[in-house]
Amino acid sequence: MAADSATTEREDVDEHGQPEVDVHVLWINAGLSCDGDSVALTAATQPTIEEIALGALPGLPRVQFHWPLIDYQVGDEFMDWFWKADRGELEPFVLVVEGSIPNEAIKSEGYWAAFGNDPETGQPITTSEWLDRLAPKALAVLAAGTCATYGGIHAMQGNPTGAMGVPDFLGWNWRSKAGIPIVCVPGCPTHPDNLSETILYLLYQAAGVAPMIPLDESLRPLWLFGQTVHEGCDRAGYYEQGDFTTEYGSPKCLVKIGCWGPVVKCNVPKRGWINGIGGCPNVGGICIACTMPGFPDKFMPFMDAPPGSTVSGAASVTYGKAIRELRNFTFKTVDEEPKWRKRGTKLLTGYKPPW
Amino acid sequence: MTRVSEAPVGGKAKKGGAGDLVEMAWDPITRIVGSLGIYTKINFKTKEVAECYSTSSIFRGYSIFMKGKDPRDSHFITSRICGICGDNHATCSCYAQNMAYGVAPPHLGEWIVNLGEAAEYMFDHNIYQENLVGVDFCEKMVRETNPGVWEQAKRTEAPNAGIHGYRTIADIMTSLNPFTGDFYREALHQSRVTREMFCLMEGRHVHPSTLYPGGVGTVATIQLFTDYLTRLMRYIEFMKTTVPMHDDLFDFFYEALPGYEQVGLRRILLGCWGSFQDPQHCDFKYENMSDWGRKMFVTPGVIVDGELVTTDLVDINLGIRILLGSSYYEDWAGGEKFVTRDPLGNPVDERHPWNQHTIPKPQKRDFDANYTWVMSPRWFDGKDNLALDTGGGPIARLWATARANLVDIGYVKATGDSVEINLPKTMNLPETKLEWKVPQWSNTIERDRARTYFQAYAAACALHFVENALNEVRSGNTKTWTPFEVPDEGIGCGFTEAVRGVLSHHLVIKDGKIANYHPYPPTPWNASPRDSYGTPGPYEDAVQGQPIFEENPPDTFKGIDIMRTVRSFDPCLPCGVHMYLGNGKVVQKRHAPSMLNSPE
C-alpha cells in the first residue's frame, strides 16, 4: 500500500513541520454556481488534478489547493486560509472564483451568496465582500465557468439576484497586483482540460517560466478560444454541402435545429469532452453557445434555428447542392478499384514483364 | 489536498459542568457539492449532540427566472441547477416535458437515456464515495480522530482480503488517503472512464448536449454501444472488488466502535421516486403513471418504519407538500393556483409544487426564526407531513426495490428482503453474485454501504440496457427522437432519482410559455430546516441526539462522526452545508438556539 508519502516526498518542510508551498490556490465556489466547474476539473486528464497536486510535470511550482469540493479540511480550519490571505499572510495565491456574483446592494438585508461567517456579527460574509477583500492581494484571479466569467444562467433576464460575472464586478480593465487581467475560462460547465490547462499555465507563469497569458477581448485564453465551434466541427462538411437535418439523432449538420456553432468561440468539437469522447454538435448535441458572453439570453429558445442561419444556410443549400452533385460524380469514380485488379493470364498494371 | 492546520480548530473550550453544551459549527462543509453549514450544540460530558441546524448560503432563483421562457428550454436551464448531477435534472425535465407535450421517445432513445443515467450513477457514487466520503474513513483522518481505532485496524485482517487484496483494515484506510492512496487514485481514474461512458450517450458531462424532449440527438451506431460496453465491463470488474472492500471497512466500524449503529440513526422514513424507464411500458401519460412507474428498473416507493407504504407515482406526486417555517421566503398561501385537479381528477394541494410560488425574502440569519435558503419538502401520508429523507439515494432505492419485489431482469433481481446483483465474468474475475440485504437501520454506515452496492446495481442494469439498445440497432431501428408540438396550455411532471435521491420536476405551460416550474431535488428533502410544524429536517434529525465516538477533546475536536453522518446523505446543495466549528462557547441555557447567532 502506498504510504502517505507522495506529497511529503516532494514537500520540503518548514520550521513548524508544515510543507513549503510556492503557490496557493484559493477556490471560492460560493458564487451563484452549480459547482459544475469544480466537478469538471476532476474529469481533466491533460493534466489531471493529481498530476498538478503531486508535481508530476516538470518545472511546476509546489502548489497547495484550498478547494471546497475535495478538501480534507472543513469549516474554520478550511476558512483559515482565506483569512490568512485577507491579512496578507499568504503569498502568493491565485484566486479561483466559481459562480456568478449576485448584487447584494439591491436589498436591505440578508445575503444571496455567502462564504464563512463574520466573527464580529456571526452573520455570513457575502461572496462579493470576499472578492473585494481578496482580489487586490491575489497574484491572479481566475474566473472558472460561464457564471463567473460573464454571469451565465443565473444572470438570465428576469433573475432576482442581479447576478453578474467577475469582470462585471471588478471591472473589465481590472489588473492584479502582478499586472494580470482577470483570466476567464468560460463553458457551462468549463471543458475539464481547458480549465486544468489554464491553471497549469498560470502556475508556470507564477513560477516565472511562462510569459503573460495571452487573452482575447473577452479575457479568454487565445489558444483555447481562438476558433469557432464550426471551424472545428466534424459535421461542417455537411454544412458545406447544404445537408441539414430537421430531426435530432441524425449525423448531419444541426444548424437548422438550433446549433449556434458557426458563431461561437469554443474548442469542444475538436477536443471532445473527456479524453476525446463526447462533445456537442460532433456527437449530435446542438451548440447552445455556453462559452459566450451573450449566453443564455441571446441564444434562446435553444431548439429554434439561429435567426442568422436562414441566410447563410439558404446560400449553403444552393451552392451545396451543386457541390454535392459534383462530388457524387467524383465519389463514384473513387469508390471503385482501378480496373487492373483482377484474375487472368494477362498483367494489366502497366508493367512490362521481362519473363 | 490541504494539510491539516497545526493550530487547534475550535479555540479554547471551557470545561463546564454536567449538561453544559458547547457550540460547534462547520461552515462550509467541504467534500460535498455546494455550500452547506451545520451548527450544533454538543454535550461533551455525555458525548452526544444536543441540537443541530442545517443552513445553506446560496440563492439563485430558478423558478423565478424560468417564468415566461420557452418550455423547450427547461431541460437546458434546469441542468444548471446541479454541477454533479445536472443530467438527472435534464432527464427529469425531459420526462415532464414529454408528459406535457404528449410525446414518447423511440425505445432506442429511452435505452440511451437509461445508459447515460446509469453511467452517471456509476461515476457520481464512485467519486463521492471514494474521494469525498472515503477521506472520512482514511488513515490520515482515523489517526487524527480515533488513534485507538487505527491501532485496532492495523491488527484486524480484512475478511475479504482474498478478493480485494488489502490484507488489513488499516491497509484499506491507507489506500483511501487523499491523492497518495492507491485506491483513491484508482477511483478518480474510474470516475473519468465512467464519465466517458456518460458522454457517449449524453454528449457532455455534467450538462448534457444531446438530451431533448422526445428523445436524444445521439447517433446510435454499433460503435457507440461497443465503446460503452467495453468500458462497462472494466467497471464491473472494479466493482467486484470494491463492494467487498467496503463491506470489510464498514463492518469494522461496528466491531471497533460498539454502538456505532447509533451514529446518524433516524426513524426509517425513506423516499425513492424510481429510476430507468422501461420503454416497453412508459408512454409518459399521467393517466397511466401508476402502471409504468411500477415498471421502472428501480421501483418508486415510500418506506415508513421499514415497510413499503406505496409504489404508486400518482400517490407519491399528490402527497408532496412544500412547507416553509425557517426559510428566507414569503408564504404564497392564497396565491394563484395553477393546477386544482390532476389529469385523473384528484385535488391538488395548494402547497404542492404545481401550485408553489417562490417569493424570496433575504434577511439576517436567525436560528430562532429563519436560517436558510432551503425550504422544507414533506410527504403527506393522509395524516402527517413526513420528513422523508433519501439517505443519499441508494439505501432508499434498494430498500424500495427490494420490498416491492417487482424487478427481475436477471442481472438484478428483487427478492422482497434483498436485491441480488449478478455480474458476469470479466477479464480477471469469475461470475459474481452480490446481495444487498435490507438492513436493520437507516444510519450513517448503512447509507454508505448501500452506495457501493448501488454502483454495482447500476452497472448490472446497464448491461440489460446495452443489450436492448443493440437489439434495436441490429434490427434497423436507429431512430432516437420523436417530433412533438408544444401545446398552448399543459402540465407535466417528471419523477426520477437524482444520484443522491428523489427528484421531481413540475411544469405548467400557459400561452405556450412556462407559467410555473418547480424542481425538487433530493437535497431540499435532506437539508431542510425545521418546518412550520417544528419538525426538523433529516440532517438535523439524524445528527441531533447522535453519540460522539471521536477521541479528541473539544479544543481539537474535528466532529468526524457528525461529518460522516452529514456526508452519508450525499449533500448536494449547489448551495452546500456550512458546518462551522465555533470557538467552543459554552451555552448557558440548554435550549437557546439564538446563541448560535451570537458573535464569537
Side-chain angles (χ1 to χ4, degrees), chain A residues 1-2 4 6-7 16 19 30 32 34-36 39 43 50 53 64-68 70-78 80 107 109-110 112-114 117 119-124 153-154 156 158-161 188 247-249 251 273-275 277-278 280 283-285 288 300-303, chain B residues 1-3 5 9 26-31 33-35 57-61 64-65 70 72-73 76 80 82-84 135 140 171 174-175 177-182 185 192 195-196 199 203-204 206-207 209-210 212 217-219 360 362-365 480-481 574 579-581 597-600:
Chain A
M1 291 317 103
D4 187 8
T7 40
H16 305 296
L32 306 184
C34 69
D35 276 23
V39 173
E50 54 273 32
Q64 196 171 59
F65 278 83
H66 308 284
W67 181 21
I70 62 167
D71 215 285
Y72 181 82
Q73 296 177 329
V74 184
D76 273 5
E77 215 178 8
F78 173 77
D80 203 33
K107 53 181 178 27
E109 61 172 2
W112 299 119
N117 289 318
E120 296 298 316
T121 63
Q123 288 293 317
I153 284 279
H154 309 123
M156 186 186 296
N159 80 76
T161 60
C188 188
E247 298 204 345
Y248 299 91
W273 196 255
I274 298 176
N275 258 334
I277 308 283
C280 303
V283 296
I288 61 169
M300 289 160 68
F302 295 122
M303 289 173 72
Chain B
M1 188 153 242
T2 49
R3 63 172 174 72
S5 163
V9 178
W26 294 261
D27 188 351
I29 294 218
T30 54
R31 277 183 280 121
V33 173
S35 314
S57 55
I58 306 285
F59 176 74
R60 299 170 303 180
I64 295 172
F65 59 67
D70 191 310
R72 295 170 303 157
D73 286 343
F76 291 108
R80 271 72 188 177
C82 179
I84 194 159
V135 174
K140 186 174 171 178
D171 288 339
T174 302
S175 77
N177 279 336
F179 288 97
T180 59
D182 58 353
R185 287 202 306 271
R192 294 177 188 129
R195 275 179 280 188
E196 289 170 23
C199 289
R204 254 162 47 106
V206 63
H207 304 316
S209 57
T210 58
Y212 305 96
T218 314
V219 182
Q363 55 197 281
K364 284 204 170 66
R365 187 177 62 203
T480 56
W481 182 75
M579 286 187 107
Y580 165 77
L581 187 55
N597 284 329
S598 62
E600 296 293 335

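Fair warning: this is a prediction, and the values are worked out from it, not measured in the lab.
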Visitor: Keeping B:Arg80 on the side-chain end and A:Gly36 on the backbone end, is there a donor-acceptor pair under 3.5 Å?
Guide: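 It does not hold such a pair.
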Visitor: When rounded to the nearest 0.5 angstrom, what distance separates CG in A:Asn117 from CZ in B:Arg365?
Guide: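 Nearest 0.5 Å value for the CG-CZ distance: 4.5 Å.
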Visitor: Is a side-chain N or O of B:Gln363 found less than 3.5 angstrom from the main chain of A:Glu109, in a donor-acceptor match?
Guide: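 No; zero donor-acceptor contacts below 3.5 Å.
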Visitor: Do B:Arg195 and A:Trp273 touch side chain to side chain, with heavy atoms closer than 4.5 Å?
Guide: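 When only atoms from C-beta onward are counted, A:Trp273 and B:Arg195 do not touch, as no gap falls below 4.5 Å.
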Visitor: Can you tell me how far OG1 of B:Thr30 sits from NE2 of A:His66, rounded to the nearest 0.5 angstrom?
Guide: 12.5 Å
Visitor: Looking at A:Lys107, I want to see if its NZ is surrounded by more than 12 non-hydrogen atoms of other residues, nucleotides or ligands under 6.0 Å.
Guide: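 For A:Lys107, atom NZ is crowded (more than 12 foreign heavy atoms under 6.0 Å).
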Visitor: List the atom of A:Val283, the atom of B:Thr210, and the distance in Å for their closest heavy-atom pair.
Guide: O-CG2, 3.5 Å
Visitor: Which atom pair, heavy atoms only, marks the closest approach of B:Cys82 to A:Cys34?
Guide: C-CB, 3.6 Å
Visitor: Taking all non-hydrogen atoms of both residues, which atom of B:Ile58 and which atom of A:Ala113 are closest, and how far apart?
Guide: CD1-CB, 3.6 Å
Visitor: Checking B:Ser209 now: which residues fulfil side-chain hydrogen bond (donor to acceptor under 3.5 Å, both in side chains) with it, not counting sequence neighbours?
Guide: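 Once residues adjacent in sequence are excluded, B:Ser209 has no partner under the side-chain hydrogen bond (donor to acceptor under 3.5 Å, both in side chains) criterion.
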Visitor: Which distance, rounded to the nearest 0.5 Å, do you find between the CD1 of A:Ile274 and the CZ of B:Arg204?
Guide: 11.0 Å
Visitor: Flag the one option from A:Pro301, A:Pro251, A:Ala30, A:Gly278 with the top tally of heavy-atom pairs under 4.5 Å to chain B.
Guide: A:Pro301
Visitor: Tell me, do B:His207 and A:Ile288 make a side-chain contact under 4.5 Å, heavy atoms counted?
Guide: no
Visitor: Please report the shortest heavy-atom distance between A:Val74 and B:Arg31, naming the atom on each side.
Guide: CG2-NH2, 4.3 Å
Visitor: Looking at every non-hydrogen atom in both residues, tell me the closest pair between A:Gly284 and B:Tyr212 and how far apart they are.
Guide: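 That would be O-OH, 3.7 Å.
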Visitor: Which heavy atom of B:Pro362 sits nearest a heavy atom of A:Trp112, and at what distance?
Guide: CG-CH2, 3.6 Å
Visitor: Is the backbone N or O of A:Thr161 less than 3.5 Å from a side-chain atom of B:Arg60, with the two atoms forming a donor-acceptor pair by type?
Guide: no
Visitor: State whether the side chain of A:Asp35 and the backbone N or O of B:Gly83 hold a donor-acceptor pair below 3.5 Å, judged by distance alone.
Guide: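 Pair absent, no side-chain N/O of A:Asp35 close to backbone of B:Gly83.
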Visitor: In terms of ring plane angle, is the pair B:Phe65 and A:His154 parallel, tilted or perpendicular, where the classes change at 30° and 60°?
Guide: tilted
Visitor: For A:Asn275, give me all partners under side-chain hydrogen bond (donor to acceptor under 3.5 Å, both in side chains), at least two apart in sequence or on another chain.
Guide: A:Thr45, B:Glu196
Visitor: What part of A:Leu32 is in contact with chain B, defined as an atom under 4.5 angstrom from a non-hydrogen atom: side chain, backbone, both or neither?
Guide: both
